[in-house]
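As structure tokens, the structure follows; a few thoughts come after it.
Predicted, not measured: the structure shown is a model, and the values here were computed from it.
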Amino acid sequence: MSPLLLQGAAAGIALLISLLFLVVHLAMIVWTYSDAESRSDHPPVLWALVVFFAPILGLLLYLIIGRNSY
């Protein structure tokens, strides 16, 4: 196989993985915002921004301290 063809395939796979991460990141932000509207005393925009700037840590912080236990 041609090295150029392998580079194109690797770039395509990298693009798909990057798009997947982007979609997951956006889904975490949207879910956090919608969940915080009904389960948090803090503004939902605050939690959405926390998850935007620190995705995994922000989501964990929201789940631990951001949700009210009803």
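A distance of 4.5 Å separates OH in Tyr33 from CD in Glu37, rounded to the nearest 0.5 Å.
Residue Ile17 is not grouped with residue Leu15 when hydrophobic side chains (ILVMFWY) are merged at heavy-atom distances under 4.5 angstrom, including chains of intermediate members. Val30 and Val24 fall into different hydrophobic clusters, where Ile, Leu, Val, Met, Phe, Trp and Tyr side chains are chained together by heavy-atom contacts under 4.5 Å. A continuous path of Ile, Leu, Val, Met, Phe, Trp and Tyr side chains, each step under 4.5 Å between heavy atoms, connects Ile65 with Leu49, placing both in one hydrophobic cluster.
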Starting from the C-alpha separation in whole Å, work towards a yes-or-no answer on side-chain contact (heavy atoms from CB on, under 4.5 Å) for Trp31 and Val51. CA-CA 10 Å; Trp31 179 84; Val51 173; over 6 Å; no
Take Arg39 and Tyr62 through the side-chain contact (heavy atoms from CB on, under 4.5 Å) test and state the conclusion after the steps. CA-CA 10 Å; Arg39 294 188 181 202; Tyr62 171 69; 4.2 Å; yes
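The two residues Met28 and Thr32 have their closest heavy-atom pair at O-OG1, 2.7 Å. For the residue pair Gly66 and Trp47, the shortest heavy atom distance occurs at CA-CZ2, 3.4 Å. The minimum heavy-atom distance linking Leu46 with His42 is given by the pair CD2-CB, 4.3 Å.
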Could you give the side-chain donor-acceptor pairs of residues 52-61 under 3.5 Å, partners two or more places apart or in another chain?
none

